[in-house]
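These numbers come from a predicted model, not from an experiment.
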Amino acid sequence: MAVTTDIRPLRADAQRNLGRVLDAAAEVLAERGPEASVDEIARRAGVGHATVFRRFPTKDQLIAAVARERLRQLCEFAETALANESAEAGFHDFMWRAAELHVHGGRLHECFDHCLELPEHAEVLALAARIVERAQAAGAVRADVTA
């Protein structure tokens with residue numbers, strides 16, 4: 001499910017279309033989950049079906065691109081939590097921010113089952129484990145809690 005990346009920078013219009021496709025995909029996937037159609041995503045983005053498939057040859061690759069963005073956000077939340085001097089406050093803030101992202105993501109969480117092998121997924125899990133371990137060491141979280 002790897003997304004191929006072209007080294008050459010995109011033309012300005014292609015970059016705009018890519019952003020519109022990813023935004024539309026996030027919206028449609030949040031509404032419909034992984035059953036969402038690429039045609040609906042293309043319509044919502046205001047581009048042709050071929051424009052989507054030129055960049056993402058399969059729907060799974062498009063789902064992975066959207067999931068990568070969410071996982072990137074979770075990594076940022078986790079890094080901020082680990083930088084917090086208070087392990088308890090860092091744990092609390094991470095949990096709240098992750099929960100808000102989940103709640104506002106609609107059915108997008110269903111798409112993550114298609115992306116468990118992404119390196120970003122493993123990175124989030126590793127960071128979350130550090131947050132939990134740090135909070136446990138500070139006595140802020142029960143010992144039986146896992147990432």
Counting C-beta onward and ignoring hydrogens, is there a side-chain heavy-atom pair between [X] and [Y] closer than 4.5 Å?
| X | Y | answer |
| --- | --- | --- |
| Leu62 | Ile41 | yes |
| Arg130 | Leu82 | yes |
| Thr51 | Leu18 | no |

Does any pair with a residue in residues 124-147 pass ring pair (Phe, Tyr, Trp, His ring centres under 6.0 Å), and if so which ones, sequence neighbours excluded?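 Passing the test, one end in residues 124-147: no pairs.
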Roughly how far apart are [X] [atom1] and [Y] [atom2], rounded to 0.5 Å?
| X | Y | atom1 | atom2 | value |
| --- | --- | --- | --- | --- |
| Ile131 | Asn84 | CD1 | CG | 10.0 Å |
| Arg32 | Cys111 | CZ | SG | 12.5 Å |
| Leu108 | Glu69 | CG | CD | 10.5 Å |
| Ser37 | Arg43 | OG | CZ | 5.5 Å |
| Cys75 | His121 | SG | NE2 | 10.5 Å |
| Asp39 | Arg44 | CG | CZ | 13.0 Å |

Inspect the contact between Glu31 and Arg107 and indicate whether a charged nitrogen and a carboxylate oxygen are less than 4.0 angstrom apart.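 Result for this pair is no, no salt bridge flagged.
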Provide the closest heavy-atom pair for [X] versus [Y] in the form atom of the first, atom of the second, distance.
| X | Y | result |
| --- | --- | --- |
| Ala128 | Ala147 | C-CB, 3.7 Å |
| Leu29 | Pro34 | CD2-CA, 4.3 Å |
| Ala81 | Gly90 | CB-O, 3.2 Å |
| Ala42 | Val52 | CB-CG2, 3.8 Å |
| Phe94 | Leu74 | CE1-O, 3.6 Å |

Give a yes or no on whether Leu125 and Leu71 share a hydrophobic cluster (residues Ile, Leu, Val, Met, Phe, Trp, Tyr; joining criterion: side-chain heavy atoms under 4.5 Å apart).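 No, because Leu125 and Leu71 fall into different hydrophobic clusters, even though each may have its own neighbours under 4.5 Å.
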I'd like to know if the side chain of Arg20 and the backbone of Gly46 have a donor-acceptor N/O pair within less than 3.5 Å.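 Checked: pair present.
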Tell me if a side-chain donor or acceptor on Thr80 pairs with a main-chain N or O of Glu76 at a distance below 3.5 Å.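 At least one qualifying donor-acceptor pair exists.
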Apply side chain to side chain contact (heavy atoms under 4.5 Å, CB included) to the pair Glu79 and Leu127, showing each step before the final yes or no. CA-CA 7 Å; Glu79 289 166 359; Leu127 290 169; 4.3 Å; yes
Kindly determine whether Phe56 and Val21 satisfy side chain to side chain contact (heavy atoms under 4.5 Å, CB included), including the steps that lead there. CA-CA 10 Å; Phe56 305 101; Val21 166; 4.1 Å; yes
Taking distance alone, no hydrogens or angles, what donor-acceptor pairs closer than 3.5 Å link side-chain atoms of residues 135-142 to residues at least two apart or in another chain?
{"from": "Gln136", "atom 1": "NE2", "to": "Arg142", "atom 2": "O", "distance (Å)": "2.9"}
{"from": "Gln136", "atom 1": "NE2", "to": "Ala143", "atom 2": "O", "distance (Å)": "3.2"}
{"from": "Gln136", "atom 1": "NE2", "to": "Val145", "atom 2": "O", "distance (Å)": "2.9"}
{"from": "Arg142", "atom 1": "NE", "to": "Asp144", "atom 2": "OD1", "distance (Å)": "2.9"}
{"from": "Arg142", "atom 1": "NH2", "to": "Asp144", "atom 2": "OD1", "distance (Å)": "3.2"}
{"from": "Arg142", "atom 1": "NH2", "to": "Asp144", "atom 2": "OD2", "distance (Å)": "3.0"}

Scan Arg68, Arg70, Arg72 and name whichever one has a salt bridge (charged side-chain N to carboxylate O under 4.0 Å, His left out) with Glu120.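 Single pass found, and it is Arg68.
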For residues 95-105, which side-chain N or O atoms pair as donor and acceptor with protein atoms under 3.5 Å away, sequence neighbours left out?
{"from": "Trp96", "atom 1": "NE1", "to": "His92", "atom 2": "NE2", "distance (Å)": "2.8"}

